Structures are given as C-alpha cells and as structure tokens.
Amino acid sequence: MVPKVHTVVCSRNNPVHIPHEWYEPGDLIIGGIASHIFYMYPKLSFNIHPSRVFIDLPVVMTKLYQHLLALVFAIDEINENPKILPNVTLGFHIYDSYYDSKMTYRTTLDLLFKSCHFLPNYICSIQKNVVGVIGGFGSETSLCMADILGLYKIPQISYGSFESVMNEQTKFPSFYRMVPNEGLQYQGIIQLLLYFGWKWVGLLTPDNEAGEHFLRAIEPMLYKNRICSAFTEKIWYHLHVTGNMFDTVDDMVHSFLQRISFNNSAGDEITLNEYGELAAGFDITNLVTFRNGSYVRVKVGRLDPQAPPGKELTINADRIKWHSGFTQEPPLSICNANCRPGYGKKKKEGEKFCCYDCDPCPHETFSNDKENEICARCPAGQYPNEGQDQCIPKTANFLGFDETLAIVSTFCALLFSLITILVLGIFIKHRDTAIVKANNRTLTYILLLCLLLCFQCTLMFIGKPRWVTCLLRQTSFGIIFSVALSSILAKTISVVLAFMATKPGSRIRRWVGKKLAYTIVLSASIVQVGICVLWLATSPPFPDLDMHSMSEEIIILCNEGSVLMFYCVLGYMGFLATVSFTVAFLARKLPDSFNEAKFITFSMLVFCSVWFSFIPTYLSTRGKYMVAVEIFSILASSAGLLACLFFPKCYIIVMRPELNNREQLIRSKA
C-alpha cells in the first residue's frame, strides 16, 4: 500500500513556478530533494529569441520514484510506532532538483523558507520545522544543497559522491553519504576490464562536475593498470536521457545498453564504515535480452570489499550470455593484436601505449608473457631457445676428460712424459761419458725432472675445476717452469764463465763450479716461489661460474683471484727466458767444444715465441678453449726445450757412441 501523500496547493506569486512538491505536516519535518523529474529543452544557440524556445512536457524517471516512496514509507512507519518517537509526529516536504543546479538552489531555499510565499532567509510560519534533509542523488546536486544547508546548519544525508564533497564536509560536518563508496565502484570497473582483457575503452561522461570528477578518478586507475582510453566524450547532460548521445559513438555501443542498471540483491548485509559509507559490495548483473525487447537480469558475479586481497571479484563466466552481434565471446577490446611469443612491443610515435608494433626480441632476450609482451633476459643459468619464446638451461662448459681436446692433451702429456723419462734414463745410464759430464750433469737432471713435472701438471687443467686444483695448477706450473728456466740460465752462465776462465791470468776461474750454478738456480727460483706464496696468501684462485660470457653455456672455471699476480708469475717467467736467451745468444759463437749456447739460444727462441703468442690467444678465448690454449702452451714450450736441448745429445749417445769421448770432441774442435 502506498502511503497517503498531501500535495500542497497555495496561491502562487513567485518569479519561478515550481509545480512538483510533496508535503505532509508534522511536529518535525524531514526535507527531501529528489532527482525524479526533468525537462528536455534544446541548448540555446541565440539564433532566435529565447521566448520562442518551447519547453516540452516533463519527463519522469519512474525508476527513481522508489526513493520518494521509501522516505514516505519510513516516516509513516515511525509515526505508527509510539515507541520510537512518543508524542512527536514526523512530516516531510519533498521537492525535485530537476537535474539542474539553479533549480536545486531554488528548491532547497523553498524547503527552508517557503510556506505559501517564497521569502528567502525569513521564516514566517511555525508550521514547518525542518530538522534535516535527505537527497542529492548526484554529486552536483549534493554540492548545491550543501551550499545552502551548510549556511543554516541543517543536517544533510546525501546519496552523492563522497569524494567530490570531501572539502565541503570539513565546513559542514553534518554532510554524510549513505551509498557504497565510488572508489569501490571504480575499482570494480577496472577489475572487470582486466578480467575480460579489455585494454582499449571509451569514456562517456556528462558534461558537468560529476563527469569531471569521474574522469579525474578513473583515468589514473586506467593508466596504472595499462588500459588506454580510445576517446573521452562529454555529453550535454539533458541529451543523455533523450538518446541523442548515441549519435556520437559507433554502433563499439548497443541500444540495449540504455536500460542497464545495477542493484544490490535483496538480503545483502548493509553496514556503514567510519565515513558513513555503505560497506556492502556489488552484484555484477548480466542483462539477457530477447527478440521481443524484454530482458531479465542474471547475477553473474560479485564485488566484495570484505574479501581477501585479490579475491574481491568473482565471476561465473558460464552464466554470462553475450549479445548475438558479437563474433567472439568474450569480445575483444584492444588497439591491436597481442604480440606473438618471441616478439616485443615497439612504441608507435604519436599513439597511446596500448597501440604498438611487434618487433622480434633482441639477441639473448625472450618473450612469452601475454600480459606485458616485453622482451626480457632469461634468469641466470638459462638462455632463449631459437624461437626466443622460452628459456632453457645452459649447459656446463669445462674441459672434461671425455672431451676430444682433453683426450689429445692427456695423450700428448703422457707421451712427452714417457720420452722425458727415457731421456733421463739415457743420461743416467751414460752419466760418465764426456757429453753428459760436459755441462754439469746435476743441472741436466734437474732440468729433465722439471720438464717431466711440466708435462704432468697439464693434467691438473683437465676436469671440473676443484678448490685444490684451482689453488695449485697455476702456482705449481709457474714454480716448475721457473726452476727449469733457472737451470738453463745457470747452464748458459756456466758456459760463458768457463770460456772466460780459460784466458791467462783470469780471476773468474774461482767462480766456475757447481756452487755458482746451484746458487743461480736457487736464487732465481726463490723469487717465483715468493710471488706464488704472496698470491695464495692475498687472493688465491678459486672455482667460479661465468654465466654471461657465453650465451648458451655456463663456464665452470678457476677464477685466478688476482689477475695481477697471475701476470706477475708469467712476467717473471718471461724475464728469466729473456735473460737466458740474451746470454745464450751472446755466447753462441764461443770456441768451446762443449758449448751448449747454440742449442739454448734456439730453445729459448721457441719458448719465448710460444708464450708471447699465448697471451693474446688466451685473452681472446673463453671456457674450455682458454684452458686448452694454456695446456698447449705448456706442452709446446716444454717439448721445445726437450727437443732442442737433449735430442742432439741423445743422438750422439745412442746412434754415434764413437763420438762420445773427449778425444773426438777435441779433434772436432781442431
């Protein structure tokens, strides 16, 4: 049953006639400003006299009549219950805002001061005692009401936008809002767009303050969620209801959308938060239309602000019925097609970020993210496949014993070791012959043992690097080679001193002997030992992983710790080799039957050539090939020393034993 409503009929002598009002007397009056009726009139163009403009009959939004009925029903229920307000009756006086700011100001003043005549700021009757006002269905209406009611300290309960009147609330603390927070509505819109993957949308707003507020609130949220607005259309407010606004957009908007509205389902729990806002969520409703023009509302989801983060939105996609005009369900709303895997976005000049070209991913990057479509580097230890649409694990790169290079290197090291042992055995067996005794056979044994160890130390460079092998392989190689070079230097200096000692009256004769040779070997070697000890004490080598030097492999290597110390070891070896070469070169033509200077000169030339070419080759390679270069350099230089210094002597000892005596050597000299 609809409560009985008295319509006030008074004599009118006002500048502007306001025909629509609803009034019921009472001890206390609750005011109301409805948004129920509006007039359609064309926008003034000043092409004709304004008096000729015809204002049509009013249009009534019957849907919004429920707000009037709710207020009337509530007041009647209170009046009929003596326990609520005993001995006091409530009345109401309701005006319409007509969706117009000027009329809102006028009707608010009428609510406060008009009895049968409009006298602003004067209360000429005690029949109407307005204790509060309900109304303001839109933010623009709420603000206009607040401008008047705030001056007279009249409490206002509004349905308008809370965010747009926050500043007003600081001046008029009785201004409240009793609908769900618009921020939640905007967030629900964003979540719906993201759920369906709609990144290319249009914004259609009324050309008023409420529309401006909507744009200020929604546009940053769209940008934050990587959604572009294809257009923003501001429609003159009155045209919004007539349907003429649909002339301004594509066919991208359907006629049935004019009847969409969202209501809370019956039975929802309604609560207010600390701001006076409803904490209830929203039902997501699908309008299912039929050929005869009728439709039904189907609940397909829910936006619940009380749900855990990330679960506020729930959608039952099976219940959604899309319009028959769509060729795809759900329909696409993007500026251009998504980039295929292996391709990334490339910005179009002058276009919004939702519009882009797709370019192949750069080298060593991949793309398979349908959301971001951005080329990125693979995680550490992985690399892109050929299509650059996924990452695959990198393979380990080190010189394993099963590698061809390792097998060849091991074979060469063992072969040269066997040859060195054979040469050492020959020299030991013929240790009392003239050619063995000629140049300090102890130095010869030391040199052969060092060459044997040099061949053997290459095996520490093969296999997966370990802490022990990393710690020892460079230092042991450096020390062993330094002892070998020191022995060669001692041999060379011994040759020079021996020749100089044969001159009559020479005082150098006292320097010739084994003690000098041993002193040279010991003092020259101890320097390299000191460098290696300092290296191990300050920044020792250690096993390490290099994930970036090679695109498809992880290099397992021995990090040298201090590159400076590594090159100090090599540099000192080069210094010993250079000194030995220089001394041997100067002594190569000395007239001595037992002179080894020529062989030493050639051997040092081979040695220096190998290690001078080693440095640029070593620096230009990576992984197992870098290790192979160092192994080759050690084997080649050691083999060069072995061949140049000992093969000629072995030939005489084994093949020409008749030449291995002092008389033959003296005769060949003559």
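All residue numbers in this chain count up from 1 along the given sequence. This is a predicted model, so every value here is computed, not measured.
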| query | How long is the gap from CD1 on Ile218 to CD on Gln187, to the nearest 0.5 Å? | reply | 8.5 Å
| query | So which pairs with a foot in residues 380-389 pass salt bridge (Lys or Arg N to Asp or Glu O under 4.0 Å), sequence neighbours left out? | reply | none
| request: Mark yes when over 12 heavy atoms from residues, nucleotides or ligands other than Lys321 sit less than 6.0 Å from its NZ; otherwise mark no. | output: no
| task | Side-chain contact test, heavy atoms from C-beta onward, threshold under 4.5 Å: evaluate it for Ile29 versus Leu111 and give yes or no. | result | no
| query | So do the side chains of His93 and Val130 get within less than 4.5 Å of each other, counting heavy atoms only? | reply | no
| query | What are the two closest heavy atoms between Ser367 and Tyr343, and how far apart are they? | reply | OG-O, 3.0 Å
| Do Lys347 and Tyr356 meet the cation-pi criteria used here (NZ or CZ under 6.0 Å from the six-membered ring centre, within 45° of the axis)? | no
| From Gln185 atom CD to Ile190 atom CD1, the distance as rounded to the nearest 0.5 Å | 13.0 Å
| said: Tell me whether the count of non-hydrogen atoms from other residues, nucleotides or ligands lying under 6.0 Å of CG in Asn292 goes above 12. | reply: yes
| Under 3.5 Å, is there a donor-acceptor pair between the side chain of Ser97 and the main chain of Ala34? | yes
| request: Keeping the roles fixed (side chain from Lys348, backbone from Asp357), state whether a donor-acceptor pair exists under 3.5 Å. | output: no
| Cys361/Cys375 sulfur atoms closer than 2.5 Å | yes
| request: May I have the step-by-step check of side-chain contact (heavy atoms from CB on, under 4.5 Å) for Tyr152 and Phe113, ending in yes or no? | output: CA-CA 11 Å; Tyr152 298 98; Phe113 304 113; 3.5 Å; yes
| Would you find a donor on one side and an acceptor on the other, under 3.5 Å apart, between the side chain of Ser229 and the backbone of Leu203? | no
| query | Do side-chain atoms of Gln191 reach the backbone of Thr314 as a donor and acceptor pair under 3.5 angstrom? | reply | no
| Is NZ or CZ of Arg377 both nearer than 6.0 Å to the six-membered ring centre of Phe366 and within 45° of the ring axis? | no
| field | Cys391 and Cys378 SG atoms under 2.5 angstrom apart | value | yes
| message | Are Leu149 and Leu112 packed together at the side-chain level, in the sense that at least one heavy-atom pair is separated by less than 4.5 angstrom? | response | yes
| field | Full working for side-chain contact (heavy atoms from CB on, under 4.5 Å) between Leu222 and Leu193 | value | CA-CA 9 Å; Leu222 292 174; Leu193 295 176; 4.0 Å; yes
| said: The criterion is side chain to side chain contact (heavy atoms under 4.5 Å, CB included); which residues satisfy it with Leu28, sequence neighbours excluded? | reply: Val88, Leu90, Asn129, Val131
| message | I'd like to check Pro25 versus Tyr23 (side-chain heavy atoms, cut-off strictly below 4.5 Å). Are they in contact? | response | yes
| task | Ignoring hydrogens and angles, state whether a donor on the side chain of Lys394 or Ser551 is under 3.5 Å from an acceptor on the partner side chain. | result | no
| request: Determine, step by step, whether Ile227 and Leu194 satisfy the side-chain contact (heavy atoms from CB on, under 4.5 Å) criterion, reporting the C-alpha distance in whole Å, the side-chain angles of both residues, the deciding distance to 0.1 Å, and the verdict. | output: CA-CA 8 Å; Ile227 301 173; Leu194 294 176; 3.9 Å; yes
| Considering only heavy atoms from C-beta outward, does the side chain of Asp96 approach that of Glu21 to under 4.5 Å? | no
| query | Quick check: does any side chain N or O of Thr104 sit under 3.5 Å from a backbone N or O of Asp100, one acting as donor and the other as acceptor? | reply | yes
| message | Do Phe92 and Trp22 make a side-chain contact, defined as non-hydrogen atoms from C-beta onward lying under 4.5 Å apart? | response | yes
| task | Check for a donor-acceptor pair, side chain of Asn286 on one end and backbone N or O of Val300 on the other, with a separation under 3.5 Å. | result | no
| request: Would you confirm whether Thr289, through its side chain, and Tyr295, through its main-chain N or O, come within 3.5 Å as a donor-acceptor pair? | output: no
| Side chains of Tyr105 and Asp147: donor-acceptor distance under 3.5 Å anywhere? | yes
| Charged N-O contact under 4.0 Å between Arg302 and Glu312 | no
| said: Could you go through Ile33 and Ile134, starting from their C-alpha distance and side-chain angles, then the distance that decides it, and tell me whether this counts as side-chain contact (heavy atoms from CB on, under 4.5 Å)? | reply: CA-CA 6 Å; Ile33 300 295; Ile134 299 174; over 6 Å; no
| Only one of Ile78, Val72, Asn79 forms a side chain to side chain contact (heavy atoms under 4.5 Å, CB included) with Ile75, so which one is it? | Asn79
| remark: d(Asp359 CG, Lys346 NZ) to nearest 0.5 Å is 4.5 Å
| query | Can you check whether Ile315 reaches Leu192 side chain to side chain, under 4.5 Å on heavy atoms? | reply | yes
| task | Measure the distance from the SG of Cys228 to the SG of Cys354 and say whether it is below 2.5 Å. | result | yes
| query | Do Trp322 and Phe196 have ring centres separated by under 6.0 Å? | reply | yes
| For atom OH of Tyr223, is the number of surrounding heavy atoms from other residues, nucleotides or ligands below 6.0 Å larger than 12? | no
| said: Whether the side chain of Tyr383 engages the backbone of Ile392 through a donor-acceptor N/O pair (distance < 3.5 Å, no angle test) should be reported. | reply: no
| query | Measuring from Cys339:SG to Asn368:CG, what's the distance to the nearest 0.5 Å? | reply | 13.0 Å
| field | Side-chain touch Gln388/Thr365, heavy atoms, less than 4.5 angstrom | value | yes
